[in-house]
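Data first, discussion second: the structure below is written as structure tokens.
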There are 2 protein chains.
Amino acid sequence: MNGGSRVTTGIKQIAKLANVSISTVSHVLNASAPIGSEVQERVLGIARETGYLAKRRRKASISLLSTVLLVGTKKAFPKSDRNFVAWTMLNAFRKECQSRGIRLIPQIEEENEINPDNIVEAVAKHRPQGIAVMQDDRQCLIDMLYNLPSASVILSGQDQSMRVDTVAPSNRFGAKLATDHLLDLGHKKIALLTWGNRRVAKQRTEGFLDAFRQAGLDVPVSDIIDVGDYQQDVVETNFSKWLSKHNGPSPYSAFFCSADNVALGAMKALQNHGYSVPNDVSVMGFDNALFGELSSPSLSTIHVPMEEIGHVALNLLEEALTLPDGERSARRVELGCRLILRNSTGSPNTSFSKS
Amino acid sequence: MNGGSRVTTGIKQIAKLANVSISTVSHVLNASAPIGSEVQERVLGIARETGYLAKRRRKASISLLSTVLLVGTKKAFPKSDRNFVAWTMLNAFRKECQSRGIRLIPQIEEENEINPDNIVEAVAKHRPQGIAVMQDDRQCLIDMLYNLPSASVILSGQDQSMRVDTVAPSNRFGAKLATDHLLDLGHKKIALLTWGNRRVAKQRTEGFLDAFRQAGLDVPVSDIIDVGDYQQDVVETNFSKWLSKHNGPSPYSAFFCSADNVALGAMKALQNHGYSVPNDVSVMGFDNALFGELSSPSLSTIHVPMEEIGHVALNLLEEALTLPDGERSARRVELGCRLILRNSTGSPNTSFSKS
DNA sequence: CTGAAAGCGCTTACAG
DNA sequence: CTGAAAGCGCTTACAG
């Protein structure tokens with residue numbers, strides 16, 4: 001190895017960029033001497049921006065987690081519109097593992113459900129330090145995970161028995177955020193388009209209702225419309241039927257849809273029936289899937305930080321491995337969702353009366 | 001400095017203890033060479049047990065967080081039965097800061113509420129890297145925190161707008177755990193003793209109701225008794241009145257109390273009225289405060305991991321400082337609660353009929 | 001409060 | 001798969 005100019009972010013480089021000595025950088029990073037506050041801020045700023053701090057932190061825990069068993073069902077793996085959300089999460093998780101030098105052992109079930117026995121077997125075989133389970137939080141699975149020696153975490157799930165770590169977006173608060181926004185715009189009658197009985201859908205429904213409860217309004221349980229599925233074309237067909245039967249969207253001036261796919265299907269149905277979005281009716285989605293940006297009009301939605309779920313999941317596994325077993329409670333982490341305002345929402349058209 | 005025998009946990013010491021070379025330890029810790037799995041496990045085990053891994057991790061982030069502003073109201077600071085829970089949390093947080101070498105700047109409000117303006121002032125003056133707020137999650141405060149340059153976290157609170165990090169025990173799931181246990185014991189009529197309108201109390205009430213909902217039973221909204229306060233003596237007086245008026249605890253065979261203080265007051269009132277706990281009625285608390293262990297009978301309760309809240313809060317602050325601002329969603333962390341079974345609960349006495 | 005220099009801790013290229 | 005040895009990165013005792 002020659003003394004070439006390989007650019008490894010280190011204390012040396014930071015010293016150069018901050019125009020101080022190496023010692024000073026070290027002192028700042030370790031609070032080992034009383035350094036002036038301007039210098040301190042400059043050095044820390046550069047250390048953060050160059051990614052040195054993040055690298056240092058990552059390195060500190062890398063050893064603990066060399067092998068992780070990735071558990072999921074087949075349907076989340078190929079990329080498609082249908083499973084866009086699951087795929088995004090999974091892919092971000094894989095990337096994160098790669099950047100931390102963690103070996104992933106996939107344990108993909110052919111069936112629609114994860115079989116706990118298969119996990120036990122895979123753990124015995126590969127002896128991973130950690131287990132990451134995708135979108136399955138049934139109690140039989142949780143019981144099994146809890147009794148395993150490895151640390152484990154469920155991505156996009158929750159454990160009511162509070163024994164296993166979980167990370168998920170804040171579906172309920174996110175839905176409240178969306179509904180609050182529609183209420184703030186002045187909409188009085190808002191319908192929720194949702195589908196089925198999955199936990200995620202239920203949580204979003206609760207958030208929708210929360211917004212009305214907290215505003216002191218009547219809780220609109222009768223304004224919840226189940227469109228039967230979350231595939232765009234199916235939603236379009238079903239919601240078209242609903243529109244025909246109800247003679248247009250009236251009395252609703254806004255539709256909050258508990259997934260972007262649902263929103264896009266609904267928007268098409270509305271447009272086919274001659275309604276202009278957002279002039280006649282507002283439509284709001286949930287997920288911030290890529291294709292929502294490209295629709296016409298572009299879809300207002302709730303951003304779900306799918307990329308961060310993997311990051312947090314790995315942090316939880318690492319923390320579980322650092323701390324002695326008896327001294328750590330299970331953690332349930334919810335990640336904040338953000339309102340993304342595009343062109344499918346607006347104030348209600350007060351002269352609205354179409355039929 | 002002489003070459004004396006100072007015992008600094010390091011890679012050298014681990015090598016000695018594990019009977020391998022320094023290089024090998026390094027390889028294991030960095031996965032930089034394919035090391036045999038027995039050796040690997042031995043080295044990692046020793047590295048964890050000696051606290052080397054934890055130290056390494058702590059060191060990696062120590063630089064970020066040298067000064068933290070601790071914000072709270074006066075009432076949580078002196079130690080007493082009344083504020084046992086708040087005091088425990090606060091104290092654990094202080095200890096954690098100390099062990100990580102973080103300087104705490106207390107900003108204690110004389111009033112019963114935190115004044116956002118005072119925080120802004122204190123931040124301008126002391127320029128802390130992080131802000132830790134105790135038990136206050138009003139939106140005006142959150143708005144202020146969100147607009148501040150420092151990272152911030154609320155201990156024992158939650159942010160519905162999902163912009164500021166929070167850590168809290170899982171009150172709702174914890175209450176469900178307690179209620180599930182009473183149901184499992186065979187109790188059919190269970191009353192909830194609670195007080196006031198604070199968020200914590202409300203969350204525990206929801207958990208109580210959840211247990212019935214999920215079991216497919218009637219939701220016992222009419223079995224919620226507000227005892228007006230959480231001080232033991234007040235509860236005792238108020239609940240005694242209730243017992244006199246209702247001619248004993250019938251038809252309830254169990255009382256779930258949303259705080260240990262409430263449970264102890266209720267237990268005394270029951271005993272004064274001639275009821276034996278748990279033979280005639282079961283009583284369950286929530287908090288796992290010290291004095292519950294010493295009561296007679298000792299109190300079954302829900303353990304709340306107050307000591308861990310501080311640990312998690314600091315981890316959140318550190319993480320916020322490591323990651324670039326735009327790339328991180330706010331996090332809401334809930335810590336798992338555990339059932340603590342002592343002597344105040346049992347199966348319902350089927351021949352129970354006292355008056 | 002900041003830096004030059006000594007030196008410790010850890011990593012790494014290479015040998016076996 | 002493991003270790004001896006060279007050497008880099010970071011810390012620290014000390015000077016100013």
Side-chain angles (χ1 to χ4, degrees), chain A residues 1-48 50-64 66-67 100-101 103 127, chain B residues 1-48 50-64 66-67 100-101 103 126-127 322:
Chain A
M1 186 135 289
N2 57 26
S5 59
R6 211 148 96 60
V7 188
T8 41
T9 351
I11 209 177
K12 212 163 156 184
Q13 197 205 359
I14 295 167
K16 207 157 108 194
L17 289 169
N19 252 313
V20 291
S21 74
I22 291 176
S23 321
T24 303
V25 175
S26 178
H27 285 314
V28 170
L29 294 177
N30 299 293
S32 50
I35 301 293
S37 60
E38 298 114 71
V39 174
Q40 195 171 31
E41 273 171 36
R42 184 151 36 103
V43 169
L44 275 179
I46 292 170
R48 186 164 348 171
T50 54
Y52 177 76
L53 293 176
K55 175 194 132 194
R56 202 190 188 197
R57 205 169 195 249
R58 218 180 297 132
K59 207 177 156 194
S61 42
I62 208 165
S63 55
L64 292 163
S66 58
T67 315
R100 299 199 196 194
R103 191 162 60 102
R127 307 204 145 274
Chain B
M1 188 131 290
N2 58 26
S5 61
R6 212 149 95 61
V7 188
T8 42
T9 350
I11 209 179
K12 213 162 154 185
Q13 196 205 0
I14 295 167
K16 208 157 108 192
L17 289 169
N19 251 313
V20 291
S21 75
I22 291 176
S23 324
T24 303
V25 176
S26 179
H27 285 314
V28 170
L29 293 177
N30 300 292
S32 50
I35 301 292
S37 61
E38 298 115 72
V39 174
Q40 192 170 34
E41 272 171 36
R42 183 153 35 106
V43 169
L44 275 178
I46 291 170
R48 182 162 352 166
T50 54
Y52 177 75
L53 292 176
K55 175 195 132 195
R56 201 189 188 196
R57 206 168 195 246
R58 217 179 300 134
K59 206 177 159 194
S61 42
I62 209 166
S63 54
L64 292 163
S66 59
T67 315
R100 297 198 197 194
R103 193 163 58 102
H126 299 104
R127 306 203 148 275
T322 326

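Lettering follows sequence order; numbering is per chain, from 1.
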| field | A:Val39 side chain, from C-beta outward: closest of D:dT11, C:dT2, D:dC1 | value | C:dT2
| What pattern of brackets, bars and dots sums up DNA chain C from 5' to 3', given Watson-Crick or G-U wobble pairs under 3.5 Å, [ ] for crossing pairs and | for another strand? | |||.||||||||.|||
| task | Taking only the side-chain nitrogens and oxygens of A:Thr24, find out if one of them lies under 4.0 Å from OP1 or OP2 of C:dG3. | result | yes
| field | Atom pair distance, as rounded to whole Å: CG in A:Asn30 and C1' in D:dG9 | value | 12 Å
| Given A:Tyr52 and A:Ile46, is the side chain to side chain contact (heavy atoms under 4.5 Å, CB included) satisfied, shown in steps? | CA-CA 8 Å; A:Tyr52 177 76; A:Ile46 292 170; over 6 Å; no
| Is the shortest side-chain N/O distance from B:Tyr52 to OP1 or OP2 of C:dC10 below 4.0 Å? | yes
| In whole angstrom, what separates B:Arg56's CZ from C:dT11's C1'? | 11 Å
| query | Taking only residues two or more places apart in sequence, or in another chain, which ones meet A:Ser21 in a side chain to side chain contact (heavy atoms under 4.5 Å, CB included)? | reply | A:Ser23, A:Thr24
Taking distance alone, no hydrogens or angles, what donor-acceptor pairs closer than 3.5 Å link side-chain atoms of residues 32-44 of chain B to residues at least two apart or in another chain?
from    : atom 1 : to      : atom 2 : distance (Å)
B:Ser32 : OG     : B:His27 : ND1    : 2.8
B:Arg42 : NH1    : B:Ala18 : O      : 2.3

| query | What is the distance from CG of A:Asn19 to C1' of C:dC1, rounded to the nearest Å? | reply | 16 Å
| request: Could you pull out the closest heavy-atom pair between A:Ala15 and A:Val25, with the gap in Å? | output: CA-CG2, 3.5 Å
| task | Starting from P on D:dT11, measure out to CD1 on A:Ile35 and report it in whole angstrom. | result | 13 Å
| field | Among D:dT11, C:dG3, C:dT12, the nucleotide that comes nearest once only the side chain of B:His27 is considered | value | C:dT12
| message | Rounded to whole Å, please give me the gap between CD in A:Gln40 and P in C:dG3. | response | 14 Å
| said: side chain to side chain contact (heavy atoms under 4.5 Å, CB included) for B:Arg127 and B:Thr67? Distances and angles first, verdict last. | reply: CA-CA 8 Å; B:Arg127 306 203 148 275; B:Thr67 315; over 6 Å; no
| query | In whole Å, what is the span from the CZ atom of B:Arg42 to the C1' atom of D:dC1? | reply | 13 Å
| said: Could you tell me how far apart A:Ile11 (CD1) and C:dC8 (P) are, to the nearest whole angstrom? | reply: 18 Å
| query | Which nucleotide in the set C:dG9, C:dA4, C:dT12 lies at the smallest distance from any side-chain heavy atom of A:Ser21? | reply | C:dA4
| query | Does a side-chain heavy-atom distance below 4.5 Å link A:Arg56 with A:Leu29? | reply | yes
| said: From C-beta outward on A:Ser23, which listed nucleotide comes closest to its side chain: C:dG9, C:dT12, C:dG3? | reply: C:dG3
| query | At what distance, to the nearest 0.5 angstrom, does CG of B:Leu53 lie from NZ of B:Lys55? | reply | 10.5 Å
| For atom NZ of A:Lys12 and atom P of D:dT11, their distance in whole Å | 15 Å
| message | Counting the atoms with a prime plus P, OP1 and OP2 as sugar-phosphate, which does B:Val20 contact under 4.0 Å by heavy atoms, base, sugar-phosphate, or nothing? | response | sugar-phosphate
